[in-house]
Every structure is written in C-alpha cells, then in structure tokens.
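Structure first, then comments.
Residue numbers run from 1 in the order of the sequence given. The structure presented is a predicted model; accordingly, all values stated were derived computationally and were not measured. The figures here come from the full heavy-atom set of this structure, side chains too, leaving out hydrogens, waters and symmetry mates.
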Amino acid sequence: MRYKIAFALGLGVGYVLGTRAGRERYEQLRKSARQVAQNPAVRNAAESAGQTGRQFAGKAFAVVSDKVGDAVPDSLAGRVRGLRDRVGGGAGAAEDDWGTSNT
C-alpha cells in the first residue's frame with residue numbers, strides 16, 4: 001500500500017512539474033530525442049540489438065520446439081523458421097515475417 005501511495009504522489013508531482021515546464025520545454029525535449037534517434041551510432045546500435053534479438057529468438061524457439069514437439073502452432077513455427085533462415089542468410093530482405101523492417 002505504501003508503494004502505491006508513493007507512486008501516486010510521484011505521478012502527481014511529475015504532472016505538476018511537467019505542466020509548469022510548458023509546451024516550449026516539450027518541443028525542446030522532442031527535438032533532442034529526434035536528434036538522438038537520427039544519430040548514426042544510435043541507429044547502428046539499435047539495428048545490431050535487433051539482429052541479436054532475432055538470433056536469440058530463433059535459438060530459443062529451437063530449444064522450446066525440441067522440448068514441446070508438435071504443440072507449437074504451425075503459424076508460429078513458420079514465422080520463426082523464416083526468421084531463422086533470414087538471420088542466417090544475412091540482412092537481404094527489407095521486411096521479415098513479423099512485419100518489421102531490419103534496416
């Protein structure tokens with residue numbers, strides 16, 4: 001109960017301070033966030049993290065499918081198989097089976 005009260009109090013204080021900062025500060029923060037997101041180093045790190053995540057997901061699926069066998073739905077199995085093939089073959093396609101871009 002104490003944590004809920006502290007959370008609600010923190011939320012209220014954040015709201016009050018945020019409204020006092022106003023639209024100008026919001027636009028300044030938004031511009032800074034956009035500049036960080038467009039930084040080539042940040043984009044490369046995000047792409048690298050995405051590829052690593054896809055590789056781990058493929059490995060995890062292989063381990064789980066070995067343990068559960070045919071209990072994995074065919075639609076999920078097909079997506080992960082395609083993803084695993086694509087990660088192993090490099091970043092040639094613009095979009096994967098999940099509908100996300102790897103560029």
Side-chain angles (χ1 to χ4, degrees):
M1 185 65 169
R2 181 176 68 175
Y3 296 112
K4 290 181 183 180
I5 293 172
F7 177 75
L9 182 62
L11 191 64
V13 168
Y15 176 77
V16 169
L17 292 177
T19 56
R20 286 192 181 163
R23 183 73 176 181
E24 182 179 329
R25 179 68 178 148
Y26 169 75
E27 292 297 334
Q28 184 182 18
L29 290 171
R30 188 171 155 205
K31 181 180 175 185
S32 297
R34 188 177 305 128
Q35 287 175 343
V36 168
Q38 291 176 350
N39 184 339
V42 172
R43 292 179 68 116
N44 289 339
E47 183 177 332
S48 174
Q51 287 178 342
T52 303
R54 285 188 287 277
Q55 288 174 346
F56 282 126
K59 290 177 185 177
F61 175 78
V63 169
V64 170
S65 64
D66 287 345
K67 295 194 186 252
V68 272
D70 295 331
V72 176
D74 290 336
S75 61
L76 178 62
R79 284 183 178 173
V80 175
R81 249 185 250 110
L83 181 62
R84 194 174 353 157
D85 294 342
R86 196 164 286 144
V87 168
E95 193 171 293
D96 61 17
D97 290 341
W98 297 93
T100 57
S101 172
N102 62 359
T103 57

Residue list, side-chain hydrogen bond (donor to acceptor under 3.5 Å, both in side chains) with Glu24, at least two apart or on another chain:
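Checked Glu24 against side-chain hydrogen bond (donor to acceptor under 3.5 Å, both in side chains); zero matches.
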Please list, chain by chain and in numerical order, all residues satisfying side-chain contact (heavy atoms from CB on, under 4.5 Å) with Gln35, sequence neighbours excluded.
Lys31
Ignoring hydrogens and angles, tell me if any N or O in the side chain of Ser48 forms a donor-acceptor pair with the backbone of Asn44 under 3.5 Å.
no
Residues sharing Val42's hydrophobic cluster, by side-chain heavy-atom contacts under 4.5 Å among ILVMFWY, directly or via others?
Val36
Listed by chain and number, what are the salt bridge (Lys or Arg N to Asp or Glu O under 4.0 Å) partners of Arg30, not counting sequence neighbours?
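Per chain and number, Arg30 pairs via salt bridge (Lys or Arg N to Asp or Glu O under 4.0 Å) with Glu27.
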Considering all heavy atoms, the nearest Gln38-Arg43 contact:
O-CD, 3.9 Å
Distance (rounded to the nearest 0.5 Å) between Thr52 OG1 and Glu47 CD
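Reported value, rounded in 0.5 Å steps: 10.5 Å.
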